[in-house]
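By convention in this document, chain letters (A, B, ...) are assigned in the order of the sequence lines, proteins followed by strands, and residues within each chain are numbered from 1.
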Amino acid sequence: MEEKIRSKSNFIRDIIDKDLLEGKNNGRVHTRFPPEPNGHLHIGHAKAILVNYSIAQDYNGKFNLRFDDTNPIKEDEEYVNAIINDIKWLGADWENRLFYASDYFDEMYDYAVQLIKVGKAFVDSQSAEEIRRNRGTVTSPGVNSPFRDRSIKENLDLFEKMKNGEFKDGTHVLRGKIDMASPNMLMRDPLMYRIRHAFHHRTGNKWCIYPMYDWAHGLEDSLEGITHSLCSLEFQAHRPLYDWFLLELGVHKPQQIEFARLNLNYTVMSKRKLLELVEENLVSGWDDPRLPTLSGLRRRGFTAEAIQNFIQKVGVAKAHSVVDYALLEHSIREVLNKTAPRVMSVLNPLKVVITNYPEGQAEEIDAVNNPEDPDAGTRKVPFSKELYIEREDFMEDPPKKFFRLAPGREVRFRYAYFITCNEVIKDENGEIIELHCTYDPASKGGKSPDGRKVKATLHWISAAHAIDAEIRLYDRLITVPDTNNLKEGKTFKDFINPNALKILQNCKLEAHLAEAEVGFRCQFERLGYFCVDNDSTAQKPVFNRTVTLRDVWAKLQKK
RNA sequence: UGGGCCGUCGACAAGCGGUAAGUCACAUGGUUUUGGUCCAUGCAUUCGGGGGUUCGAAUCCUCCCGGCCCAACCA
């Protein structure tokens with residue numbers, strides 16, 4: 001227990017511990033996840049969600065889901081549904097606290113009027129271009145807007161007219177009146193409202209002015225009684241402004257705390273790149289199993305638990321970092337090793353004829369469902385004269401460390417018998433098409449009574465009893481660790497792994513897998529973890545490879 | 001360059017003045033009817049660099065070096 005708390009230690013929890021000790025917020029802890037519904041969630045969002053949710057949980061607090069829908073031209077209902085679905089799946093529970101920024105538009109308007117009345121906000125009628133020019137640069141101060149000293153009465157009047165739709169887009173904005181010479185660019189009279197005659201997916205045509213992020217976000221947090229507003233590092237410079245608005249209004253002020261977002265190597269995570277892949281049909285959709293989207297990972301076979309564990313392992317800090325993809329792979333293997341039933345499937349079949357086995361006979365072999373879970377029990381697997389093994393499990397001229405089947409060599413067929421290869425049958429092109437082997441009837445179950453040892457145990461499947469399936473093998477999306485600093489003229493699309501998806505047909509599966517439901521996960525022994533894809537039917541099963549098993553032999557081969 | 005933030009093993013990351021946790025990766029050995037799992041062992045005499053304070057510094061001070069963010073009517 002103590003160890004677990006220690007492993008979770010991070011600077012945000014330190015801050016909260018201190019707040020609690022000092023009696024801040026009456027001991028309340030309340031966090032939130034505030035996505036803009038303008039795209040799909042990915043593994044990076046999972047960190048934001050889980051960091052907020054787990055803190056709320058561990059401190060007996062509350063966690064809200066809030067859509068930050070303040071920009072109607074970028075947002076859509078389609079995204080809110082997808083996001084809700086993904087977060088539910090991930091396991092974060094907002095109970096009955098699902099909110100929308102748009103629910104607060106009336107209150108935000110009233111607060112803006114309040115700010116105008118105390119002379120802290122004004123209507124600016126400069127063009128976007130003029131505003132940009134007058135903002136100055138990071139090294140030189142900006143200059144005041146010529147409209148900065150309008151009377152409160154005039155500001156009130158203009159702002160109301162903005163709301164009433166009397167002006168065209170871009171003609172006026174509402175601005176906070178702070179300091180055009182501030183070294184913090186965000187404090188140079190920040191925009192609070194812009195005119196946008198656009199249909200909003202929730203408020204329809206009720207509004208034609210929409211609040212900007214900095215004005216809206218703190219208010220949303222404040223209105224919901226959020227105590228700790230956790231966000232990513234790039235909002236650090238926004239904090240003084242977040243505080244300024246709430247202090248001027250004299251309302252509850254949550255504490256904004258920033259942490260580093262998650263980066264993963266060998267993939268892409270930016271909204272722009274993901275969108276490009278989807279729109280240019282370089283992947284099949286947002287849930288393409290090659291993508292790091294939550295829907296993609298789900299379809300790939302990841303469990304929510306694996307992602308939760310992964311985020312836990314990654315930790316929370318302020319230093320920019322890139323997490324190794326191998327850690328994600330480890331997280332899913334760890335879960336599936338304990339839970340996934342084992343099954344024997346042959347992906348790249350090579351026929352084996354057991355010459356001394358009776359023609360037309362078949363027998364049932366007992367096979368263990370999951371050696372990690374005694375309760376998983378056993379099943380019967382048919383064995384017969386004609387079998388398939390993996391092509392890679394036979395070599396006519398094996399190198400030193402190859403332990404598997406070869407001419408004259410004896411191996412174990414898992415749970416079945418010791419098998420010896422006697423003859424290699426080839427077609428006219430010299431291609432190996434069949435192996436003739438003999439079995440040792442005394443070795444039934446895979447043990448030889450004389451104590452004879454074999455160096456390899458192979459998986460196999462009875463040819464007559466197997467069903468055919470399509471198997472989709474997935475690998476990392478990108479061939480280089482980082483696509484953010486590429487050589488000139490190169491884009492991330494030049495580094496898409498052509499082998500990120502490999503489709504295999506006529507793979508041989510145990511017959512009962514025809515009935516497996518979409519999403520069913522299992523281990524194909526010695527190959528990896530697989531799950532049933534959405535495209536699967538009983539007539540044509542389709543499985544996705546979630547991740548391979550760790551493979552020492554593959555490593556040796558690379559050397 | 002003005003402002004803000006960050007730099008601890010190949011990758012994450014604890015550490016909060018008392019002498020460098022843990023995880024992944026990697027390596028070696030053992031167990032094994034999955035070259036899986038599991039187990040054991042190894043993997044930072046040193047914390048971006050220099051100087052200082054101190055009996056004692058990754059932790060405090062100071063200077064330097066390197067990286068990231070901010071000049072959308074995006075969030």
How many whole angstroms separate atom [atom1] of [X] from atom [atom2] of [N]?
| X | N | atom1 | atom2 | result |
| --- | --- | --- | --- | --- |
| A/K318 | B/C5 | NZ | P | 7 Å |
| A/E329 | B/A11 | CD | P | 18 Å |
| A/R412 | B/U34 | CZ | C1' | 10 Å |
| A/F310 | B/A11 | CZ | P | 16 Å |
| A/E258 | B/C68 | CD | C1' | 14 Å |
| A/F413 | B/U34 | CZ | P | 15 Å |
| A/D551 | B/U37 | CG | C1' | 14 Å |
| A/K400 | B/G35 | NZ | C1' | 18 Å |

Touch class at under 4.0 angstrom, heavy-atom based, for [X] against every strand present:
| X | answer |
| --- | --- |
| A/F402 | base |
| A/L527 | nothing |
| A/V454 | nothing |
| A/K555 | sugar-phosphate |
| A/R550 | sugar-phosphate |
| A/V368 | nothing |
| A/Q523 | base |

When rounded to the nearest Å, what value does the distance between [atom1] atoms of [N] and [M] take?
| N | M | atom1 | result |
| --- | --- | --- | --- |
| B/G66 | B/A27 | C1' | 32 Å |
| B/G36 | B/C5 | C1' | 44 Å |
| B/A71 | B/G18 | P | 42 Å |
| B/U8 | B/G15 | P | 15 Å |
| B/G29 | B/A13 | P | 33 Å |
| B/G22 | B/C9 | P | 15 Å |
| B/G10 | B/G52 | C1' | 34 Å |
| B/A21 | B/A58 | C1' | 14 Å |

Return the nearest nucleotide to the side chain of [X]; candidates are [options].
| X | options | answer |
| --- | --- | --- |
| A/D14 | B/C16, B/C24, B/A13 | B/C16 |
| A/P371 | B/G36, B/A13, B/C24 | B/G36 |
| A/A317 | B/C5, B/A14, B/G35 | B/A14 |

Side chain to side chain, A/R135 and A/V143, heavy atoms closer than 4.5 Å: no
Upstream residue (5' side of RNA chain B) when A/T139 and A/G446 are each assigned their closest nucleotide: A/T139
Given that both distances must come in under 3.5 Å, which nucleotide forms a Watson-Crick or G-U wobble pair with [N]?
| N | value |
| --- | --- |
| B/G18 | B/C55 |
| B/G2 | B/C70 |
| B/C47 | none |
| B/C9 | none |

Indicate whether OP1 or OP2 belonging to [N] is found under 4.0 Å from a side-chain N or O atom of [X].
| X | N | answer |
| --- | --- | --- |
| A/H330 | B/C24 | yes |
| A/R526 | B/G35 | yes |
| A/S321 | B/A11 | no |

Side-chain donor/acceptor of A/N155 to backbone N/O of A/V123, under 3.5 Å: yes
Any donor-acceptor pair under 3.5 Å from A/D69 side chain to A/S102 backbone: yes
base_contact_polar (B/G35 base, A/R404 side chain, donor-acceptor, <3.5 Å): yes
Quiz item: A/R342 side-chain donor-acceptor pair to B/U34 base, under 3.5 Å: yes
Intermediate values then yes/no, ring-ring contact (aromatic ring centres under 6.0 Å, His included), A/Y242 and A/F235: CA-CA 10 Å; A/Y242 181 106; A/F235 290 101; 9.9 Å; no
Test of ring centre spacing under 6.0 Å for A/F67 and A/Y79: no
Centroid separation A/Y109 to A/F159 less than 6.0 Å: yes
Do the rings of [X] and [Y] sit parallel, tilted or perpendicular, given the 30° and 60° boundaries?
| X | Y | value |
| --- | --- | --- |
| A/F543 | A/F524 | tilted |
| A/H200 | A/F105 | perpendicular |
| A/Y213 | A/H238 | perpendicular |

Polar side chain donor-acceptor pair, A/E372 to A/N370, under 3.5 angstrom: no
B/A40, syn or anti by chi within 90 degrees of zero: anti
Nucleic acid footprint by protein, nucleotides 69-75 of chain B - heavy-atom cut-off 4.0 Å, B for base, S for sugar-phosphate alone: SBBSBBB
